[in-house]
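Proteins get letters first, then strands, A, B, ... in listed order; numbering begins at 1 in each. This one's a predicted model, so the numbers in the text were calculated from it and none came from an experiment.
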Number of protein chains: 2
Amino acid sequence: MTSRPPRPRERGIPEATVARLPVYLRALQTLQDRGTATVSSEGLAGAAGVNSAKLRKDLSHLGSYGTRGVGYEVEYLIYQISRELGLTQDWSVAIVGIGNLGRALANYGGFGTRGFRIAALLDADPEVVGRTVASLNVRHIDSLEEVVRSKGVSIGVIATPGGSAQGVASRFVEAGVTSILNFAPVVLNVPDGVDVRKVDLSIELQILAFHAQRRADGDGHAHRSGLEVT
Amino acid sequence: MTSRPPRPRERGIPEATVARLPVYLRALQTLQDRGTATVSSEGLAGAAGVNSAKLRKDLSHLGSYGTRGVGYEVEYLIYQISRELGLTQDWSVAIVGIGNLGRALANYGGFGTRGFRIAALLDADPEVVGRTVASLNVRHIDSLEEVVRSKGVSIGVIATPGGSAQGVASRFVEAGVTSILNFAPVVLNVPDGVDVRKVDLSIELQILAFHAQRRADGDGHAHRSGLEVT
DNA sequence: ACGTGCTTGTGAAAGCACGCACAAAGTGGG
DNA sequence: CCCACTTTGTGCGTGCTTTCACAAGCACGT
(Lines give C-alpha, C1' and ligand atoms only; values in the text may rest on other atoms or scores of the structure.)
Protein backbone atom coordinates (compact mmCIF):
# COMPACT_ATOMS: atom_id res chain seq x y z
CA MET A 1 0.00 0.00 0.00
CA THR A 2 2.94 2.29 0.65
CA SER A 3 5.30 1.59 -2.24
CA ARG A 4 5.77 -1.29 -4.61
CA PRO A 5 7.80 -4.14 -3.07
CA PRO A 6 11.38 -3.92 -4.32
CA ARG A 7 12.10 -7.64 -4.28
CA PRO A 8 8.86 -9.58 -3.71
CA ARG A 9 10.55 -12.85 -2.87
CA GLU A 10 13.47 -14.88 -4.05
CA ARG A 11 12.25 -18.43 -4.50
CA GLY A 12 12.65 -20.75 -1.59
CA ILE A 13 10.21 -20.46 1.29
CA PRO A 14 10.74 -23.24 3.86
CA GLU A 15 8.02 -25.86 3.93
CA ALA A 16 7.41 -25.25 7.62
CA THR A 17 6.77 -21.61 6.89
CA VAL A 18 4.35 -22.37 4.08
CA ALA A 19 2.36 -24.54 6.46
CA ARG A 20 1.98 -21.63 8.87
CA LEU A 21 1.12 -18.89 6.41
CA PRO A 22 -2.55 -19.96 6.22
CA VAL A 23 -2.74 -19.73 9.99
CA TYR A 24 -1.39 -16.21 9.95
CA LEU A 25 -3.77 -15.35 7.17
CA ARG A 26 -6.75 -16.47 9.16
CA ALA A 27 -5.62 -14.62 12.26
CA LEU A 28 -5.16 -11.48 10.18
CA GLN A 29 -8.64 -11.77 8.73
CA THR A 30 -10.09 -12.07 12.21
CA LEU A 31 -8.21 -8.95 13.21
CA GLN A 32 -9.43 -7.12 10.14
CA ASP A 33 -13.02 -8.03 10.91
CA ARG A 34 -12.53 -6.43 14.29
CA GLY A 35 -11.36 -3.27 12.58
CA THR A 36 -7.70 -3.55 13.53
CA ALA A 37 -5.50 -1.75 11.01
CA THR A 38 -2.07 -2.51 12.39
CA VAL A 39 -0.60 -5.35 14.41
CA SER A 40 2.78 -6.11 15.96
CA SER A 41 4.55 -9.42 15.53
CA GLU A 42 3.85 -10.09 19.17
CA GLY A 43 0.13 -9.51 18.73
CA LEU A 44 -0.20 -11.54 15.57
CA ALA A 45 1.94 -14.34 16.98
CA GLY A 46 -0.37 -14.51 19.98
CA ALA A 47 -3.44 -14.76 17.77
CA ALA A 48 -1.81 -17.45 15.66
CA GLY A 49 -0.45 -19.39 18.60
CA VAL A 50 3.24 -19.19 17.72
CA ASN A 51 6.44 -17.61 18.94
CA SER A 52 6.88 -14.02 17.76
CA ALA A 53 10.43 -14.57 16.54
CA LYS A 54 9.22 -17.44 14.41
CA LEU A 55 6.48 -15.28 12.98
CA ARG A 56 8.92 -12.53 12.06
CA LYS A 57 11.29 -14.99 10.44
CA ASP A 58 8.44 -16.55 8.50
CA LEU A 59 7.26 -13.19 7.22
CA SER A 60 10.80 -12.14 6.38
CA HIS A 61 10.83 -14.88 3.77
CA LEU A 62 8.18 -13.06 1.78
CA GLY A 63 9.90 -9.70 2.01
CA SER A 64 10.16 -6.74 4.33
CA TYR A 65 6.55 -5.84 4.85
CA GLY A 66 6.67 -4.46 8.39
CA THR A 67 7.50 -1.05 9.79
CA ARG A 68 9.95 -0.95 12.66
CA GLY A 69 8.56 0.65 15.74
CA VAL A 70 5.02 0.11 14.44
CA GLY A 71 4.26 -3.37 13.19
CA TYR A 72 2.46 -4.74 10.15
CA GLU A 73 -0.40 -3.17 8.27
CA VAL A 74 -3.13 -5.81 8.41
CA GLU A 75 -4.66 -5.25 4.99
CA TYR A 76 -1.35 -5.12 3.19
CA LEU A 77 -0.07 -8.24 4.89
CA ILE A 78 -3.25 -10.12 4.04
CA TYR A 79 -2.70 -9.23 0.43
CA GLN A 80 0.95 -10.28 0.44
CA ILE A 81 0.31 -13.63 2.08
CA SER A 82 -2.66 -14.29 -0.18
CA ARG A 83 -0.56 -13.57 -3.20
CA GLU A 84 2.26 -15.78 -1.98
CA LEU A 85 -0.12 -18.65 -1.34
CA GLY A 86 -1.67 -18.21 -4.75
CA LEU A 87 -5.08 -17.18 -3.47
CA THR A 88 -5.35 -14.17 -5.72
CA GLN A 89 -6.24 -16.52 -8.50
CA ASP A 90 -9.20 -18.88 -8.42
CA TRP A 91 -8.69 -22.59 -7.93
CA SER A 92 -11.30 -24.94 -9.21
CA VAL A 93 -11.93 -27.89 -6.90
CA ALA A 94 -13.70 -31.20 -7.57
CA ILE A 95 -14.83 -33.41 -4.69
CA VAL A 96 -15.21 -37.14 -5.24
CA GLY A 97 -17.21 -39.15 -2.73
CA ILE A 98 -20.33 -37.39 -1.51
CA GLY A 99 -20.87 -39.22 1.74
CA ASN A 100 -21.06 -37.40 5.04
CA LEU A 101 -17.54 -36.12 4.70
CA GLY A 102 -17.96 -35.03 1.09
CA ARG A 103 -21.12 -33.18 2.03
CA ALA A 104 -19.35 -31.54 4.94
CA LEU A 105 -16.63 -30.34 2.60
CA ALA A 106 -19.09 -29.15 -0.02
CA ASN A 107 -21.05 -27.14 2.53
CA TYR A 108 -17.97 -25.73 4.19
CA GLY A 109 -18.46 -22.44 2.39
CA GLY A 110 -15.70 -20.30 3.84
CA PHE A 111 -12.74 -21.89 2.14
CA GLY A 112 -10.19 -19.49 3.46
CA THR A 113 -12.45 -16.58 2.56
CA ARG A 114 -11.91 -17.03 -1.17
CA GLY A 115 -9.55 -18.44 -3.75
CA PHE A 116 -11.30 -21.80 -3.96
CA ARG A 117 -14.40 -22.58 -5.95
CA ILE A 118 -16.07 -25.95 -5.72
CA ALA A 119 -16.68 -26.75 -9.36
CA ALA A 120 -18.06 -30.26 -9.19
CA LEU A 121 -19.24 -33.08 -6.95
CA LEU A 122 -18.87 -36.67 -8.09
CA ASP A 123 -19.96 -40.02 -6.72
CA ALA A 124 -20.31 -43.62 -7.85
CA ASP A 125 -23.52 -44.43 -5.99
CA PRO A 126 -26.58 -44.08 -8.29
CA GLU A 127 -28.56 -43.26 -5.16
CA VAL A 128 -26.52 -40.09 -4.71
CA VAL A 129 -25.89 -39.13 -8.33
CA GLY A 130 -28.40 -36.55 -9.50
CA ARG A 131 -29.09 -35.14 -6.07
CA THR A 132 -28.32 -31.54 -5.24
CA VAL A 133 -25.75 -30.85 -2.56
CA ALA A 134 -24.64 -27.35 -1.67
CA SER A 135 -26.58 -26.16 -4.74
CA LEU A 136 -24.53 -28.38 -7.03
CA ASN A 137 -25.74 -31.34 -8.98
CA VAL A 138 -23.89 -34.54 -8.05
CA ARG A 139 -22.55 -36.14 -11.21
CA HIS A 140 -21.46 -39.66 -11.88
CA ILE A 141 -17.81 -40.53 -11.41
CA ASP A 142 -17.61 -41.66 -15.02
CA SER A 143 -17.77 -38.04 -16.12
CA LEU A 144 -14.65 -37.16 -14.10
CA GLU A 145 -12.44 -36.57 -17.11
CA GLU A 146 -15.06 -34.49 -18.87
CA VAL A 147 -15.71 -32.42 -15.75
CA VAL A 148 -12.02 -31.79 -15.13
CA ARG A 149 -11.62 -30.56 -18.67
CA SER A 150 -14.73 -28.43 -18.93
CA LYS A 151 -14.52 -26.88 -15.48
CA GLY A 152 -10.76 -26.47 -15.48
CA VAL A 153 -10.37 -28.40 -12.23
CA SER A 154 -6.88 -28.05 -10.77
CA ILE A 155 -7.38 -29.55 -7.31
CA GLY A 156 -8.98 -32.90 -6.65
CA VAL A 157 -10.40 -33.86 -3.27
CA ILE A 158 -10.87 -37.54 -2.48
CA ALA A 159 -13.46 -38.31 0.18
CA THR A 160 -14.28 -41.85 -0.87
CA PRO A 161 -13.84 -45.08 1.08
CA GLY A 162 -10.28 -46.35 1.12
CA GLY A 163 -10.86 -48.97 -1.51
CA SER A 164 -11.83 -46.51 -4.22
CA ALA A 165 -9.28 -43.84 -3.47
CA GLN A 166 -6.36 -45.08 -5.58
CA GLY A 167 -8.56 -45.51 -8.63
CA VAL A 168 -9.94 -41.99 -8.30
CA ALA A 169 -6.45 -40.60 -7.77
CA SER A 170 -5.18 -42.28 -10.91
CA ARG A 171 -8.05 -40.90 -12.92
CA PHE A 172 -7.40 -37.41 -11.56
CA VAL A 173 -3.76 -37.68 -12.53
CA GLU A 174 -4.64 -39.07 -15.94
CA ALA A 175 -6.97 -36.13 -16.47
CA GLY A 176 -4.16 -33.70 -15.66
CA VAL A 177 -4.88 -32.80 -12.03
CA THR A 178 -1.58 -32.34 -10.18
CA SER A 179 -2.85 -31.39 -6.71
CA ILE A 180 -4.76 -33.90 -4.63
CA LEU A 181 -6.16 -33.69 -1.12
CA ASN A 182 -6.78 -37.18 0.20
CA PHE A 183 -9.13 -37.97 3.08
CA ALA A 184 -9.18 -41.70 2.45
CA PRO A 185 -7.10 -43.81 4.82
CA VAL A 186 -4.66 -45.12 2.24
CA VAL A 187 -1.28 -44.13 0.88
CA LEU A 188 -1.77 -42.96 -2.69
CA ASN A 189 0.61 -43.91 -5.41
CA VAL A 190 1.14 -41.08 -7.85
CA PRO A 191 3.85 -40.13 -10.35
CA ASP A 192 6.43 -37.45 -9.64
CA GLY A 193 5.20 -33.94 -10.08
CA VAL A 194 1.85 -34.66 -8.46
CA ASP A 195 1.36 -33.15 -5.04
CA VAL A 196 -0.64 -35.22 -2.57
CA ARG A 197 -1.60 -34.09 0.88
CA LYS A 198 -3.30 -36.38 3.32
CA VAL A 199 -5.73 -35.70 6.11
CA ASP A 200 -6.40 -38.63 8.34
CA LEU A 201 -8.76 -38.56 11.27
CA SER A 202 -7.69 -41.75 12.92
CA ILE A 203 -4.01 -40.88 12.71
CA GLU A 204 -4.66 -37.71 14.67
CA LEU A 205 -6.56 -39.65 17.28
CA GLN A 206 -3.74 -42.14 17.58
CA ILE A 207 -1.19 -39.41 18.14
CA LEU A 208 -3.41 -37.97 20.86
CA ALA A 209 -3.70 -41.40 22.44
CA PHE A 210 0.06 -41.79 22.49
CA HIS A 211 0.55 -38.54 24.38
CA ALA A 212 -2.35 -39.28 26.70
CA GLN A 213 -0.89 -42.66 27.57
CA ARG A 214 2.51 -41.13 28.10
CA ARG A 215 1.02 -38.61 30.51
CA ALA A 216 -0.89 -41.34 32.28
CA ASP A 217 1.73 -44.01 32.92
CA GLY A 218 4.97 -42.08 32.83
CA ASP A 219 3.22 -39.15 34.48
CA GLY A 220 5.18 -36.57 36.45
CA HIS A 221 6.02 -33.95 33.88
CA ALA A 222 3.30 -32.28 31.85
CA HIS A 223 3.53 -32.18 28.10
CA ARG A 224 3.75 -29.15 25.89
CA SER A 225 0.44 -28.13 24.41
CA GLY A 226 -0.60 -26.38 21.26
CA LEU A 227 0.65 -29.00 18.87
CA GLU A 228 -0.30 -28.30 15.33
CA VAL A 229 -0.73 -30.44 12.29
CA THR A 230 2.14 -29.12 10.27
CA MET B 1 5.10 -63.72 20.11
CA THR B 2 8.55 -65.23 20.30
CA SER B 3 9.95 -64.10 23.64
CA ARG B 4 9.17 -61.27 25.99
CA PRO B 5 10.81 -57.99 24.93
CA PRO B 6 13.95 -57.42 27.03
CA ARG B 7 13.76 -53.62 27.10
CA PRO B 8 10.38 -52.51 25.70
CA ARG B 9 11.41 -48.88 25.23
CA GLU B 10 13.31 -46.27 27.11
CA ARG B 11 11.12 -43.19 27.14
CA GLY B 12 11.70 -40.70 24.40
CA ILE B 13 10.31 -41.42 20.95
CA PRO B 14 10.82 -38.46 18.60
CA GLU B 15 7.66 -36.61 17.72
CA ALA B 16 8.25 -37.12 14.01
CA THR B 17 8.36 -40.85 14.58
CA VAL B 18 5.16 -40.88 16.61
CA ALA B 19 3.38 -39.15 13.74
CA ARG B 20 4.43 -41.92 11.38
CA LEU B 21 3.67 -44.93 13.55
CA PRO B 22 -0.06 -44.84 12.73
CA VAL B 23 0.82 -44.91 9.04
CA TYR B 24 2.99 -47.98 9.52
CA LEU B 25 0.26 -49.57 11.57
CA ARG B 26 -2.28 -49.14 8.83
CA ALA B 27 0.09 -50.46 6.20
CA LEU B 28 0.77 -53.48 8.37
CA GLN B 29 -2.92 -54.18 8.82
CA THR B 30 -3.41 -54.04 5.07
CA LEU B 31 -0.58 -56.53 4.66
CA GLN B 32 -2.05 -58.77 7.33
CA ASP B 33 -5.44 -58.75 5.60
CA ARG B 34 -3.67 -60.00 2.50
CA GLY B 35 -2.21 -62.84 4.51
CA THR B 36 1.36 -61.58 4.58
CA ALA B 37 3.20 -62.92 7.61
CA THR B 38 6.55 -61.21 7.19
CA VAL B 39 7.72 -57.99 5.60
CA SER B 40 11.05 -56.31 4.99
CA SER B 41 11.74 -52.69 5.85
CA GLU B 42 11.86 -52.01 2.15
CA GLY B 43 8.47 -53.57 1.59
CA LEU B 44 6.80 -51.86 4.51
CA ALA B 45 8.40 -48.54 3.68
CA GLY B 46 7.01 -48.80 0.18
CA ALA B 47 3.53 -49.49 1.48
CA ALA B 48 3.77 -46.58 3.90
CA GLY B 49 5.28 -44.18 1.40
CA VAL B 50 8.53 -43.47 3.23
CA ASN B 51 12.25 -44.11 2.93
CA SER B 52 13.29 -47.52 4.26
CA ALA B 53 16.13 -46.14 6.39
CA LYS B 54 13.70 -43.81 8.08
CA LEU B 55 11.34 -46.68 8.74
CA ARG B 56 14.09 -48.75 10.33
CA LYS B 57 15.23 -45.89 12.52
CA ASP B 58 11.65 -45.22 13.56
CA LEU B 59 11.08 -48.82 14.53
CA SER B 60 14.42 -48.99 16.30
CA HIS B 61 13.04 -46.50 18.80
CA LEU B 62 10.53 -49.05 20.01
CA GLY B 63 13.04 -51.85 20.31
CA SER B 64 14.65 -54.49 18.18
CA TYR B 65 11.67 -56.26 16.71
CA GLY B 66 13.08 -57.36 13.36
CA THR B 67 15.10 -60.35 12.29
CA ARG B 68 18.17 -59.69 10.18
CA GLY B 69 18.10 -61.41 6.87
CA VAL B 70 14.33 -61.83 7.11
CA GLY B 71 12.40 -58.73 8.10
CA TYR B 72 9.58 -58.05 10.54
CA GLU B 73 6.83 -60.39 11.62
CA VAL B 74 3.66 -58.54 10.70
CA GLU B 75 1.47 -59.65 13.59
CA TYR B 76 4.11 -59.04 16.22
CA LEU B 77 4.94 -55.60 14.87
CA ILE B 78 1.26 -54.64 14.80
CA TYR B 79 1.04 -55.57 18.44
CA GLN B 80 4.15 -53.61 19.40
CA ILE B 81 3.14 -50.44 17.58
CA SER B 82 -0.41 -50.68 18.94
CA ARG B 83 0.93 -50.99 22.44
CA GLU B 84 3.30 -48.10 22.00
CA LEU B 85 0.52 -45.88 20.67
CA GLY B 86 -1.71 -46.87 23.54
CA LEU B 87 -4.28 -48.65 21.41
CA THR B 88 -4.35 -51.74 23.59
CA GLN B 89 -6.53 -49.82 25.98
CA ASP B 90 -9.85 -48.26 25.04
CA TRP B 91 -10.20 -44.52 24.62
CA SER B 92 -13.58 -42.96 25.09
CA VAL B 93 -14.31 -40.17 22.62
CA ALA B 94 -16.97 -37.46 22.68
CA ILE B 95 -17.84 -35.49 19.56
CA VAL B 96 -19.32 -32.03 19.86
CA GLY B 97 -21.03 -30.50 16.85
CA ILE B 98 -23.15 -32.95 14.92
CA GLY B 99 -23.27 -31.18 11.57
CA ASN B 100 -22.12 -32.86 8.40
CA LEU B 101 -18.60 -33.21 9.71
CA GLY B 102 -19.65 -34.51 13.10
CA ARG B 103 -21.86 -37.10 11.42
CA ALA B 104 -19.04 -38.09 9.14
CA LEU B 105 -16.81 -38.64 12.14
CA ALA B 106 -19.48 -40.53 14.06
CA ASN B 107 -20.10 -42.86 11.15
CA TYR B 108 -16.42 -43.36 10.39
CA GLY B 109 -16.49 -46.73 12.08
CA GLY B 110 -13.02 -48.02 11.45
CA PHE B 111 -11.12 -45.83 13.86
CA GLY B 112 -7.79 -47.45 13.34
CA THR B 113 -9.36 -50.88 13.68
CA ARG B 114 -10.00 -50.43 17.37
CA GLY B 115 -8.86 -48.60 20.45
CA PHE B 116 -11.38 -45.78 20.13
CA ARG B 117 -14.99 -45.90 21.19
CA ILE B 118 -17.36 -43.06 20.45
CA ALA B 119 -19.08 -42.59 23.76
CA ALA B 120 -21.24 -39.56 23.15
CA LEU B 121 -22.46 -37.05 20.59
CA LEU B 122 -23.34 -33.53 21.67
CA ASP B 123 -24.86 -30.52 19.95
CA ALA B 124 -26.40 -27.18 20.84
CA ASP B 125 -29.11 -27.16 18.17
CA PRO B 126 -32.48 -28.36 19.59
CA GLU B 127 -33.27 -29.55 16.08
CA VAL B 128 -30.42 -32.05 16.28
CA VAL B 129 -30.56 -32.97 19.96
CA GLY B 130 -32.53 -36.15 20.51
CA ARG B 131 -31.90 -37.55 17.06
CA THR B 132 -30.06 -40.78 16.57
CA VAL B 133 -26.76 -40.69 14.69
CA ALA B 134 -24.61 -43.76 14.24
CA SER B 135 -26.90 -45.52 16.72
CA LEU B 136 -26.17 -42.95 19.39
CA ASN B 137 -28.59 -40.48 20.87
CA VAL B 138 -27.45 -36.88 20.37
CA ARG B 139 -27.44 -35.10 23.70
CA HIS B 140 -27.52 -31.43 24.54
CA ILE B 141 -24.23 -29.65 25.02
CA ASP B 142 -25.28 -28.65 28.52
CA SER B 143 -24.77 -32.22 29.65
CA LEU B 144 -21.12 -32.20 28.56
CA GLU B 145 -19.70 -32.32 32.07
CA GLU B 146 -22.07 -35.07 33.13
CA VAL B 147 -21.31 -37.12 30.02
CA VAL B 148 -17.55 -36.75 30.40
CA ARG B 149 -17.79 -37.99 33.95
CA SER B 150 -20.21 -40.84 33.47
CA LYS B 151 -18.70 -42.15 30.24
CA GLY B 152 -15.10 -41.58 31.23
CA VAL B 153 -14.39 -39.48 28.16
CA SER B 154 -10.68 -38.87 27.69
CA ILE B 155 -10.61 -37.42 24.16
CA GLY B 156 -12.79 -34.56 23.00
CA VAL B 157 -13.47 -33.86 19.33
CA ILE B 158 -14.65 -30.40 18.33
CA ALA B 159 -16.56 -30.22 15.06
CA THR B 160 -18.51 -27.06 15.74
CA PRO B 161 -18.44 -23.74 13.88
CA GLY B 162 -15.44 -21.59 14.74
CA GLY B 163 -17.37 -19.31 17.03
CA SER B 164 -18.34 -22.04 19.47
CA ALA B 165 -15.07 -23.93 19.52
CA GLN B 166 -13.24 -22.07 22.28
CA GLY B 167 -16.19 -22.35 24.62
CA VAL B 168 -16.47 -26.07 24.05
CA ALA B 169 -12.73 -26.51 24.50
CA SER B 170 -12.81 -24.69 27.82
CA ARG B 171 -15.66 -26.84 29.04
CA PHE B 172 -13.79 -29.97 28.00
CA VAL B 173 -10.72 -28.83 29.90
CA GLU B 174 -12.80 -27.84 32.89
CA ALA B 175 -14.33 -31.30 32.88
CA GLY B 176 -10.90 -32.88 32.92
CA VAL B 177 -10.37 -33.80 29.28
CA THR B 178 -6.71 -33.32 28.37
CA SER B 179 -6.73 -34.44 24.73
CA ILE B 180 -8.60 -32.42 22.13
CA LEU B 181 -8.92 -32.84 18.39
CA ASN B 182 -10.06 -29.59 16.84
CA PHE B 183 -11.67 -29.31 13.41
CA ALA B 184 -12.88 -25.74 13.89
CA PRO B 185 -10.85 -23.09 12.08
CA VAL B 186 -9.63 -21.28 15.17
CA VAL B 187 -6.58 -21.38 17.41
CA LEU B 188 -7.65 -22.80 20.75
CA ASN B 189 -6.40 -21.39 23.98
CA VAL B 190 -5.83 -24.09 26.57
CA PRO B 191 -3.72 -24.39 29.71
CA ASP B 192 -0.45 -26.30 29.80
CA GLY B 193 -0.80 -30.02 30.03
CA VAL B 194 -3.66 -30.12 27.55
CA ASP B 195 -2.83 -31.60 24.18
CA VAL B 196 -4.57 -30.01 21.21
CA ARG B 197 -4.26 -31.20 17.65
CA LYS B 198 -5.81 -29.31 14.80
CA VAL B 199 -7.13 -30.50 11.48
CA ASP B 200 -7.96 -27.76 9.06
CA LEU B 201 -9.35 -28.38 5.60
CA SER B 202 -8.77 -24.97 4.15
CA ILE B 203 -5.18 -24.85 5.35
CA GLU B 204 -4.44 -28.02 3.43
CA LEU B 205 -6.02 -26.56 0.31
CA GLN B 206 -3.96 -23.41 0.68
CA ILE B 207 -0.75 -25.37 0.93
CA LEU B 208 -1.69 -27.26 -2.21
CA ALA B 209 -2.42 -23.98 -3.96
CA PHE B 210 1.00 -22.66 -3.01
CA HIS B 211 2.79 -25.60 -4.56
CA ALA B 212 0.54 -25.57 -7.60
CA GLN B 213 1.26 -21.90 -8.19
CA ARG B 214 4.94 -22.47 -7.73
CA ARG B 215 4.88 -25.21 -10.32
CA ALA B 216 2.87 -23.03 -12.67
CA ASP B 217 4.78 -19.74 -12.70
CA GLY B 218 8.26 -20.75 -11.66
CA ASP B 219 7.87 -23.94 -13.66
CA GLY B 220 10.87 -25.80 -15.02
CA HIS B 221 11.66 -28.23 -12.26
CA ALA B 222 9.00 -30.53 -10.94
CA HIS B 223 8.31 -30.69 -7.24
CA ARG B 224 8.69 -33.66 -4.95
CA SER B 225 5.47 -35.53 -4.42
CA GLY B 226 4.08 -37.62 -1.65
CA LEU B 227 3.94 -34.88 0.93
CA GLU B 228 2.29 -35.92 4.12
CA VAL B 229 0.55 -34.09 6.88
CA THR B 230 3.03 -34.68 9.61
C1' DA C 1 29.98 -76.92 10.56
C1' DC C 2 30.67 -73.37 7.55
C1' DG C 3 30.09 -70.01 4.00
C1' DT C 4 26.85 -67.17 1.27
C1' DG C 5 23.37 -63.91 0.85
C1' DC C 6 20.15 -60.94 2.60
C1' DT C 7 18.28 -57.53 5.92
C1' DT C 8 18.42 -55.13 10.18
C1' DG C 9 20.13 -51.63 13.36
C1' DT C 10 22.97 -47.63 13.90
C1' DG C 11 27.13 -44.29 13.73
C1' DA C 12 28.05 -40.22 11.36
C1' DA C 13 27.12 -36.35 8.38
C1' DA C 14 24.23 -33.09 6.30
C1' DG C 15 20.17 -30.32 6.38
C1' DC C 16 16.30 -27.93 8.71
C1' DA C 17 13.90 -25.64 12.15
C1' DC C 18 13.55 -23.02 16.27
C1' DG C 19 14.32 -19.34 19.42
C1' DC C 20 17.44 -15.96 21.65
C1' DA C 21 19.19 -11.72 21.65
C1' DC C 22 20.53 -7.64 19.43
C1' DA C 23 21.56 -4.24 15.82
C1' DA C 24 19.00 -1.58 12.51
C1' DA C 25 15.33 1.44 11.58
C1' DG C 26 11.41 3.99 12.09
C1' DT C 27 8.09 7.08 15.27
C1' DG C 28 6.95 10.74 18.14
C1' DG C 29 7.90 14.11 21.77
C1' DG C 30 10.47 17.96 23.34
C1' DC D 1 17.16 18.66 15.46
C1' DC D 2 17.93 15.20 18.63
C1' DC D 3 16.76 11.68 21.88
C1' DA D 4 14.16 8.00 23.83
C1' DC D 5 11.25 4.30 22.75
C1' DT D 6 9.32 0.70 20.10
C1' DT D 7 9.41 -3.09 16.98
C1' DT D 8 11.31 -5.34 12.95
C1' DG D 9 14.68 -8.29 10.63
C1' DT D 10 18.40 -11.52 11.31
C1' DG D 11 23.07 -13.77 12.81
C1' DC D 12 24.00 -17.51 15.49
C1' DG D 13 23.91 -21.48 18.55
C1' DT D 14 21.28 -25.64 19.53
C1' DG D 15 18.68 -29.56 18.84
C1' DC D 16 15.91 -32.40 15.92
C1' DT D 17 15.27 -34.99 11.36
C1' DT D 18 16.65 -37.22 7.50
C1' DT D 19 19.70 -39.92 4.77
C1' DC D 20 23.76 -42.60 3.74
C1' DA D 21 26.52 -46.37 4.25
C1' DC D 22 28.08 -50.28 6.55
C1' DA D 23 29.04 -53.58 10.28
C1' DA D 24 26.50 -56.98 12.80
C1' DG D 25 23.48 -60.75 12.73
C1' DC D 26 20.50 -64.35 11.19
C1' DA D 27 18.80 -68.10 7.93
C1' DC D 28 19.59 -71.48 4.79
C1' DG D 29 21.88 -74.57 1.71
C1' DT D 30 25.68 -77.59 1.24
Protein N or O to nucleotides 4-7 of chain C N or O, pairs below 3.5 Å:
| residue | atom | partner | partner atom | Å |
| --- | --- | --- | --- | --- |
| dT7(C) | O4' | Gly69(B) | N | 3.0 |
| dT7(C) | O2 | Gly69(B) | N | 3.4 |

Is there a side-chain polar atom (N or O) of Arg56(A) under 4.0 Å from OP1 or OP2 of dG11(D)? no

Taking only side-chain nitrogens and oxygens of Asn51(B), does any of them come within less than 4.0 Å of OP1 or OP2 of dC20(D)? yes

Taking side-chain hydrogen bond (donor to acceptor under 3.5 Å, both in side chains) as the definition, give me every residue that meets it alongside Thr67(B), ordered by chain and number, with sequence neighbours left out. none

Sequence-distant partners of Thr17(A), side-chain hydrogen bond (donor to acceptor under 3.5 Å, both in side chains), two or more places apart: Asp58(A)

Round to a whole Å and report the spacing from [atom1] of [X] to [atom2] of [N].
{"X": "Asp58(B)", "N": "dT17(D)", "atom1": "CG", "atom2": "P", "result": "10 Å"}
{"X": "His61(A)", "N": "dG11(D)", "atom1": "NE2", "atom2": "P", "result": "11 Å"}
{"X": "Glu42(A)", "N": "dC20(C)", "atom1": "CD", "atom2": "C1'", "result": "13 Å"}
{"X": "Ile13(A)", "N": "dA17(C)", "atom1": "CD1", "atom2": "P", "result": "12 Å"}
{"X": "Leu59(B)", "N": "dT18(D)", "atom1": "CG", "atom2": "P", "result": "14 Å"}

Indicate, with a heavy-atom threshold strictly under 4.0 Å, whether Ala53(A) touches base, sugar-phosphate, or nothing. base

Just grab all the salt bridge (charged side-chain N to carboxylate O under 4.0 Å, His left out) pairs involving residues 164-184 of chain A, residues at least two apart or on different chains. Asp142(A)-Arg171(A), Glu145(A)-Arg171(A)

For residues 33-50 of chain A, pull every pair meeting salt bridge (charged side-chain N to carboxylate O under 4.0 Å, His left out), keeping only residues two or more places apart or in separate chains. none

Return yes if a side-chain donor-acceptor contact under 3.5 Å exists between Tyr76(B) and Gln80(B), otherwise no. yes

Considering residues at least two apart in sequence or located in another chain, which fulfil the side chain to side chain contact (heavy atoms under 4.5 Å, CB included) criterion with Asn51(B)? Ala53(B), Lys54(B)

Any residue meeting salt bridge (Lys or Arg N to Asp or Glu O under 4.0 Å) with Arg56(B), in chain and number order, not counting sequence neighbours: none

Apply side-chain contact (heavy atoms from CB on, under 4.5 Å) to the pair Gln206(B) and Leu21(A), showing each step before the final yes or no. CA-CA 9 Å; Gln206(B) 288 173 41; Leu21(A) 288 180; over 6 Å; no

What side-chain donor-acceptor pairs closer than 3.5 Å can you find for residues 154-164 of chain B, not counting sequence neighbours?
none

Nucleotide N/O of nucleotides 13-16 of chain C paired with protein N/O under 3.5 Å:
none

